Amino acid sequence: MDVSSLNPPQLKAVFHSTGPLLVLAGAGSGKTRVITTRIAWLIKQGVPPTQICAVTFTNKAAREMKERLRQLTGSKLRGLFIGTFHSLGLKILKEHHEAAGLPENFIILGSDDQLALAVDLQREFTLDANIVPDKIITRVFSQAKNSGLPAKKLSGMLDEKLGPPWGDLFQRYNEMLHFHNAVDFDDLILRTRDLLTTHLDIRAVYHAKWSQFLADEFQDTNPLQFDLLRQLIREPYHLCAVGDDDQSIYGWRGADIRIILDYKKHFPQAEVIYLEQNYRSTQTVLDLANHTIRHNPDRHPKKLWSARGYGDKAVIHEAPDTESEAAYIADMILYLNQAEKIPFHEIAVLFRTNFQSRPFEEEFRRKSLPYHLSGSYQFFDRKEIKDVISYLRLCANHHDDKSLVRIINFPKRNIGEGTLQKIQQYAQLEKKHLWDI
């Protein structure tokens with residue numbers, strides 16, 4: 001196992017011997033390398049792969065970690081668990097489904113199935129969908145389940161909220177899940193946590209099974225996930241938590257920043273290691289980041305630095321409106337391409353949310369700049385934009401049958417596929433346009 005490329009704090013984290021550890025890893029500081037190298041080191045020290053449990057935030061991160069470990073160790077390390085909190089919960093529930101009150105063939109409902117149940121609740125409780133939308137119902141239920149409270153107390157907690165009878169809705173929703181032999185994604189963690197809390201014999205099974213735990217993206221852990229971890233670990237609490245409180249962005253989804261901030265309160269004996277060397281950026285970029293984040297009072301103080309030097313100076317341009325901003329960016333790209341000979345494919349424009357792409361796309365089209373929109377549909381390819389354009393085309397030309405077909409039932413007017421097919425057939429017979437029919 002080659003550790004020559006690791007810096008001193010990284011090595012300290014990898015070789016941490018016993019008890020809880022908190023690794024505060026700044027952006028670009030090599031945290032995934034530290035986690036995977038630590039797992040490889042534990043195995044080299046004689047810890048069987050079957051005794052190691054690593055939880056990550058996404059399935060993609062889990063796959064990346066497995067691949068890096070395979071490269072480090074030269075083997076697939078069978079029996080090692082690396083996955084999300086949800087996949088961990090699913091594994092435990094499948095192994096003890098009877099104790100959890102679930103059939104062996106229970107299913108997991110996706111978000112669309114949950115919304116369908118929420119629509120059934122609206123009908124059953126005669127709720128106005130405009131006042132209590134289906135997405136609000138599922139969001140309230142998800143927030144409740146991730147609060148960390150036991151399942152049996154959630155109805156009472158929801159009853160304290162103003163508005164619809166949330167407690168009754170929640171109870172009925174869970175009855176529907178039971179009727180369908182189903183759980184939702186939040187149940188994978190909630191029911192597992194409750195299972196381990198109430199069945200000490202089952203908890204003892206996992207205490208004996210896993211001795212080393214690693215948790216990635218710890219700043220985005222919610223109370224329920226943390227409670228599940230605490231049920232699984234035992235003294236001397238071999239939990240290596242890796243995260244960065246400066247990168248916590250999922251508070252809207254239940255993540256609680258206090259969990260990483262109060263790590264030493266939960267585990268007073270924990271060692272805290274700071275990874276502050278950044279391998280991605282120049283010092284100029286890091287200075288901007290450091291000066292910005294230092295105003296946040298709720299954080300572990302750290303200062304990112306780079307061995308790559310200062311690089312080019314940063315430029316701040318204040319534009320009066322979005323159109324002027326897009327024009328400035330487009331002109332800068334043309335300058336970089338023509339004067340500095342930088343290829344278009346080496347230039348990136350970053351923006352905060354997808355809807356902000358519109359003025360850039362319009363300006364790039366106007367100036368014939370080739371571009372590729374990453375992570376979203378191009379503005380003019382989005383369904384709602386195509387629908388609006390179809391309305392405008394139909395207003396300008398009633399003979400535009402294609403546009404009429406596109407929007408004839410958006411929003412819904414009870415003109416289904418069967419009705420539309422009859423209209424089209426009749427229009428062909430009469431040699432007329434759909435609008436006329």
Side-chain angles (χ1 to χ4, degrees), residues 53 55-57 81 83-111 113-114 117-118 121 137-161 166-210 213 215 218 220-235 237 239 241 250 253-256 258-259 266-267:
C53 176
V55 286
T56 64
F57 202 62
F81 179 87
T84 63
F85 277 101
H86 292 95
S87 60
L88 175 62
L90 177 60
K91 172 182 172 60
I92 295 173
L93 285 181
K94 279 188 171 181
E95 291 173 352
H96 302 280
H97 61 90
E98 287 186 9
L102 291 168
E104 185 177 4
N105 60 341
F106 72 88
I107 60 173
I108 306 165
L109 293 191
S111 55
D113 296 320
Q114 288 178 263
L117 288 187
L121 287 172
I137 293 174
T138 57
R139 189 186 308 161
V140 168
F141 292 169
S142 180
Q143 288 173 345
K145 290 186 176 185
N146 284 292
S147 67
L149 286 175
K152 61 185 179 182
K153 291 188 177 180
L154 293 178
S155 293
M157 180 196 81
L158 286 168
D159 273 335
E160 296 172 6
K161 289 177 174 282
W166 285 112
D168 293 340
L169 285 169
F170 184 73
Q171 195 167 342
R172 180 65 183 128
Y173 169 74
N174 286 302
E175 288 173 0
M176 290 174 169
L177 289 175
H178 179 72
F179 178 78
H180 292 291
N181 287 342
V183 296
D184 60 29
F185 275 102
D186 297 317
D187 282 330
L188 294 177
I189 305 176
L190 176 65
R191 297 187 72 142
T192 305
R193 191 280 313 271
D194 287 353
L195 172 72
L196 297 174
T197 304
T198 55
H199 291 75
L200 301 185
D201 55 332
I202 295 176
R203 184 166 61 182
V205 168
Y206 293 100
H207 282 179
K209 179 181 177 63
W210 289 315
F213 290 84
F218 199 67
D220 293 321
T221 306
N222 66 40
L224 181 61
Q225 292 166 337
F226 183 54
D227 205 6
L228 173 60
L229 266 181
R230 296 199 67 174
Q231 294 296 327
L232 288 169
I233 61 177
R234 55 182 166 83
E235 289 191 70
Y237 306 122
L239 171 62
Y250 287 104
R253 207 160 71 182
D256 188 351
R258 301 307 316 178
I259 293 172
H266 296 296
F267 305 106

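The first residue in the sequence is number 1, and the count goes up from there. Note that these values count all heavy atoms, side chains included, but never hydrogens, waters or copies made by symmetry. This is a predicted model, so every value here is computed, not measured.
- Between Asp227 atom CG and Thr192 atom OG1 the span is 12.0 Å, to the nearest 0.5 Å.
- Between Phe218 and Phe226, the two ring planes are perpendicular [angle over 60°; tilted spans 30° to 60°].
- Here the closest heavy-atom approach between residue Pro223 and residue Ser147 is recorded as CB-O, 3.4 Å.
- Evaluation of the side-chain hydrogen bond (donor to acceptor under 3.5 Å, both in side chains) rule for His266 yields Arg230 as partners, not counting sequence neighbours.
- Side chains of Leu169 and Phe141 form a contact here, defined as non-hydrogen atoms less than 4.5 Å apart.
- Note that CZ of Arg203 is 12.0 Å distant from CD1 of Ile92, once rounded to the nearest 0.5 Å.
- Atom OH of Tyr206 is separated from atom CZ of Arg234 by 14.5 Å, given to the nearest 0.5 angstrom.
- By the 6.0 Å contact criterion, CZ on Arg258 is enclosed, its count of non-hydrogen atoms from other residues, nucleotides or ligands being greater than 12.
- Between Thr84 and Thr56, the closest side-chain pair of non-hydrogen atoms falls below 4.5 Å.
- Few gaps surround NE2 on His180; more than 12 heavy atoms of other groups in view lie less than 6.0 Å from it.
- By the 4.5 Å heavy-atom criterion applied to side chains, Leu190 and Val183 are not counted as neighbours.
- Between Asp184 and Lys145, some side-chain heavy-atom pair lies under the 4.5 Å cut-off.
- Taking the six-membered ring for Trp and thresholds of 30 and 60 degrees, Phe267 and Tyr237 have ring planes inclined between 30 and 60 degrees apart.
- With sequence neighbours excluded, no residue satisfies side-chain hydrogen bond (donor to acceptor under 3.5 Å, both in side chains) with Gln225.
- Contacts of Lys91 classified as side-chain hydrogen bond (donor to acceptor under 3.5 Å, both in side chains), with partners at least two apart in sequence or in another chain: Glu95.
- Smallest separation of non-hydrogen atoms from Ile202 and Ala99: CD1-CB, 3.6 Å.
- Across every non-hydrogen atom of Leu195 and Ala100, the tightest pair is CD1-N, 3.9 Å.
- Summarising the geometry, atom CG belonging to Leu232 is positioned 6.5 Å from atom CH2 belonging to Trp210; distances are rounded to the nearest 0.5 Å.
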Exercise. Starting from the C-alpha separation in whole Å, work towards a yes-or-no answer on side chain to side chain contact (heavy atoms under 4.5 Å, CB included) for Phe106 and Leu90.
Key: CA-CA 10 Å; Phe106 72 88; Leu90 177 60; 3.8 Å; yes
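- Here the straight-line distance linking atom CG of Leu102 with atom CG of Leu93 works out to 6.0 Å at 0.5 Å rounding.
- Taking Glu175 as the reference, Arg172 meet the salt bridge (charged side-chain N to carboxylate O under 4.0 Å, His left out) condition, with sequence neighbours excluded.
- Contact detail for Ala118 and Ile137: the closest heavy-atom pair is O-CD1, 3.9 Å.
- Shown here are the salt bridge (charged side-chain N to carboxylate O under 4.0 Å, His left out) partners of Arg191, two or more places apart in sequence or in another chain: there are none.
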Exercise. Begin from the C-alpha positions of His86 and Ile108 and carry the test side chain to side chain contact (heavy atoms under 4.5 Å, CB included) through to its verdict.
Key: CA-CA 11 Å; His86 292 95; Ile108 306 165; over 6 Å; no
Which donor-acceptor pairs under 3.5 Å do the side chains of residues 150-158 make with protein atoms, sequence neighbours left out?
none

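- Summarising the geometry, atom CD1 belonging to Ile189 is positioned 5.5 Å from atom CG belonging to Leu224; distances are rounded to the nearest 0.5 Å.
- Phe81 has its side chain within reach of Ser87: a pair of non-hydrogen atoms, C-beta onward, lies under 4.5 Å apart.
- Within 6.0 Å of NZ on Lys94 lie no more than 12 heavy atoms contributed by other residues, nucleotides or ligands.
- Here the shortest heavy-atom pairing between His207 and Gln231 reads NE2-O, 2.9 Å.
- Counting only heavy atoms from C-beta outward, the side chains of Phe85 and Leu188 never approach each other to under 4.5 Å.
- At distances below 3.5 Å, at least one donor-acceptor pair connects side-chain atoms of Arg193 with backbone N or O atoms of Gly148.
- Shortest non-hydrogen contact noted between Thr221 and Ile259 is O-CD1, 3.5 Å.
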